[in-house]
Number of protein chains: 2
Amino acid sequence: MYDEAMSSRPHVSLAQRKRQLVSDELTQAALQLLAQKGFDAVTIDEIATAAGVSKRTFFRYFASKEDVVVQFLADMGNDIRAELAARPTKERPSVALQHAIAVPLAACADHSDRALPVVQLILRTPALYARFLERQAQWRDDLSAELVARLDLDADTDLYPRMAAGMALNAFDAALQRWSGSDGTEDPAALIDRAFAVIAPALNAWRGGKSAGLAAPPG
Amino acid sequence: MYDEAMSSRPHVSLAQRKRQLVSDELTQAALQLLAQKGFDAVTIDEIATAAGVSKRTFFRYFASKEDVVVQFLADMGNDIRAELAARPTKERPSVALQHAIAVPLAACADHSDRALPVVQLILRTPALYARFLERQAQWRDDLSAELVARLDLDADTDLYPRMAAGMALNAFDAALQRWSGSDGTEDPAALIDRAFAVIAPALNAWRGGKSAGLAAPPG
DNA sequence: GCGCGTATTGACACTCGGTGACAGCAGCGA
DNA sequence: TCGCTGCTGTCACCGAGTGTCAATACGCGC
């Protein structure tokens, strides 16, 4: 994801690039084997051997078998939060959240040749899907915290940020499932549009602050 | 959960009750040990031995270590869908869904002496939470199907049922987390009320048929 | 009461995911 | 060149989960 090779940083000293190389090799070998033979039919020994390292080394790079796959989409969580943080503070939550979701998703869909098989593998493999959902829960907490900061809310009492983050990720999930189910045919941006059309009334109906004031969101 | 012992069914022949007994013993032993020592610190051998059976027998009753715990809340999914199906067809989705969530949750909170520790264990243990989310995803699909039936929608094109089910379970999850975090102090019904107050605008803004509503938020 | 099919169980062996410990080896600065 | 550091492979190990098999207990027809 990060293209450090381009900028001629002096301190990516050999060892670091070596490490990155092993990691990439491992990821590539894992994704290929898993997508080809199915999650349960591939042992970690196979993956490691295919990447030219030992099983022990595999676990020095990834915490679990699920991790290799889910890690592939891991950065998206950070991207979503970063995207939200980058939106104008005054922007309505629905718009900010929609962009925060849509941009990384579009970026993912842009390399659909690599991303689509991974997404399909995740959505079809219960163990992977469970881990994916677990990670989404972390994203939800992150997004919620970001919303609390943006809107100056009280996280301990207000249910809005958590629900809003949940709804946004719900839209993300639905779009991802449709996109994967259509083998990449359907347009992710359009799907996100439609999903947010459903949840927008709730996102925008929020009444700011602790007071039960009816102040409409800035628009 | 099911009280078959009361009705004098002739065909609950000994073997069946024996099986139920072992299952209960296993569940009880597992929940006690896991809540006491933590999920990872307890081996299946311990649980099985505590219940007076072999490790092999444990796996004849539960598919995994996570399953013993999550199974304890498994029926709630069916209850939620049944509750939704039992609501008047003409009732607004927000009201029907709120009842469908609130009733089983209240039933759960009624035996908080048993349920609370289990819920806290699940929410605090990543592996368990992941499995719980996985199960919730199934509930979401079930609820979605029920909504499609109730509202006579087209499941293949309309994102509303899936999003609505997701939002409802989002409310469920948020309420559960608050309830667990407050050690059972907060009132689940009130939490559900507040959560549904957030999502209701979206649930009610649905416009029947295939036309996707892109209207501005109410107000 | 007696034999027989069926279901349940414990014991054993095995695979695989995952971890700790240790020794060997490459890079890099003094 | 020495020594330090980080990465690696090997080995031993534990626990989750599964297949197999013999033994046992239940239910049923006789």
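Proteins come first, then strands; the chains are lettered A, B, ... in the order of their sequence lines, and each starts at number 1. Being a predicted model, the structure only gives us computed values, none of them experimental. Side chains included, hydrogens not; waters and symmetry mates left out as well; all remaining heavy atoms used.
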In whole angstrom, give the distance that lies between atom [atom1] of [X] and atom [atom2] of [N].
X	N	atom1	atom2	result
B:Arg19	D:dG27	CZ	P	15 Å
B:Leu128	D:dA16	CG	P	13 Å
B:Phe58	D:dA16	CZ	C1'	10 Å
A:Asp45	D:dC11	CG	C1'	13 Å
A:Glu25	D:dC7	CD	C1'	17 Å
B:Glu46	D:dG15	CD	C1'	11 Å
A:Arg17	C:dC28	CZ	P	10 Å

What's the shortest heavy-atom distance between [X] and [Y], and which atoms?
X	Y	value
B:Leu105	B:Ile192	CD2-CG1, 3.5 Å
A:Pro161	A:Leu147	O-CD1, 3.7 Å
A:Glu134	B:Pro126	OE2-CB, 3.2 Å
B:Leu128	B:Leu121	CD1-CG, 3.8 Å
A:Ala51	A:Leu26	CB-CD1, 3.3 Å
B:Ala96	B:Arg150	CB-NH2, 3.6 Å

Task: Proximal nucleotide (of D:dT18, D:dC26, D:dT8) relative to the B:Phe59 side chain - done: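 Looking only at heavy atoms from C-beta outward on B:Phe59, the closest nucleotide is D:dT18.
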TODO: State which of C:dT9, D:dC26, D:dG9 makes the closest approach to the side chain of B:Val22.
DONE: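 Of all the options, the side chain of B:Val22 is nearest to C:dT9.
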Task: Phosphate-side-chain proximity, A:Tyr61 and C:dG18, N/O vs OP1/OP2 below 4.0 Å - done: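 Answer is no, no contact under 4.0 Å.
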Task: Pairs where residues 34-53 of chain B contributes a residue and the test side chain to side chain donor-acceptor pair (under 3.5 Å) is met, not counting sequence neighbours - done: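 Passing the test, one end in residues 34-53 of chain B: B:Lys37-B:Glu46.
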Those residues that, when tested against [X], pass ring pair (Phe, Tyr, Trp, His ring centres under 6.0 Å) (two or more places apart):
X	answer
B:Phe58	B:Phe62
A:Phe196	none
B:Phe132	none

Open item on the list: Quiz question: by atom type and distance under 3.5 Å, do the side chains of B:Asp24 and B:Gln28 form a donor-acceptor pair?
Closed with: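 Not at all, the side chains of B:Asp24 and B:Gln28 share no donor-acceptor pair under 3.5 Å.
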Output one line per pair: protein atom, nucleotide atom from nucleotides 22-24 of chain D, and distance, for all N/O pairs under 3.5 Å.
none

- [ ] Only pairs at least two apart or in different chains count here, so list each salt bridge (charged side-chain N to carboxylate O under 4.0 Å, His left out) that has a residue in residues 105-130 of chain B.
- [x]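 Output for this query is empty, none listed.
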Task: Positions of residues 63-70 of chain B (non-hydrogen atom under 4.0 Å from DNA chain D), listed by number - done: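 Hits under 4.0 Å, by residue number: B:Ser64, B:Lys65.
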TODO: Please list residues of residues 30-44 of chain A whose heavy atoms come under 4.0 Å from any atom in DNA chain D, ordered by number; otherwise none.
DONE: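 Within residues 30-44 of chain A, no residue comes under 4.0 Å of DNA chain D.
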Open item on the list: Taking the six-membered ring of B:Tyr160 as reference, does the cationic atom of A:Arg194 (NZ for Lys, CZ for Arg) lie under 6.0 Å from its centre and within 45° of its axis?
Closed with: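 Relative to the ring axis of B:Tyr160, which defines the angle, A:Arg194 lies outside at least one limit.
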Task: Salt-bridge criterion met for A:Asp141 and A:Arg81 (N-O under 4.0 Å) - done: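 No salt bridge links A:Asp141 with A:Arg81.
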Please tabulate, one pair per line, all N/O donor-acceptor pairs under 3.5 Å involving side-chain atoms of residues 184-191 of chain B, not counting sequence neighbours.
unit_1	atom_1	unit_2	atom_2	d
B:Thr185	OG1	B:Ser182	O	2.6
B:Asp187	OD1	B:Ala189	N	3.3
B:Asp187	OD2	B:Ala190	N	3.4

Task: Donor-acceptor pair present, A:Lys55 side chain and D:dG9 base, under 3.5 Å - done: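 Side chain to base: no pair present.
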TODO: Using five pairs at either end of the helix from C:dG1-D:dC30 to C:dA30-D:dT1, determine the angle between the two local helix axes and round it to 10 degrees.
DONE: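 The end-segment axes of the helix from C:dG1-D:dC30 to C:dA30-D:dT1 are tilted 10° relative to each other.
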Between the protein and nucleotides 19-21 of chain D, list the N/O to N/O atom pairs that are separated by less than 3.5 angstrom.
unit_1	atom_1	unit_2	atom_2	d
D:dG19	N7	B:Arg56	NE	3.4
D:dG19	N7	B:Arg56	NH2	3.0
D:dG19	O6	B:Arg56	NE	2.7

Which atom pairs, one a donor and one an acceptor, fall under 3.5 Å between side chains of residues 163-178 of chain B and the rest of the protein, sequence neighbours left out?
unit_1	atom_1	unit_2	atom_2	d
B:Asn170	ND2	A:Gly166	O	3.3
B:Asp173	OD1	B:Gln136	NE2	2.4
B:Asp173	OD2	A:Arg162	NH2	3.4
B:Asp173	OD2	B:Tyr129	OH	3.1
B:Gln177	OE1	A:Arg162	NH2	2.8
B:Arg178	NH1	A:Asp156	O	3.0
B:Arg178	NH2	A:Ala155	O	3.1
B:Arg178	NH2	A:Asp158	O	3.4

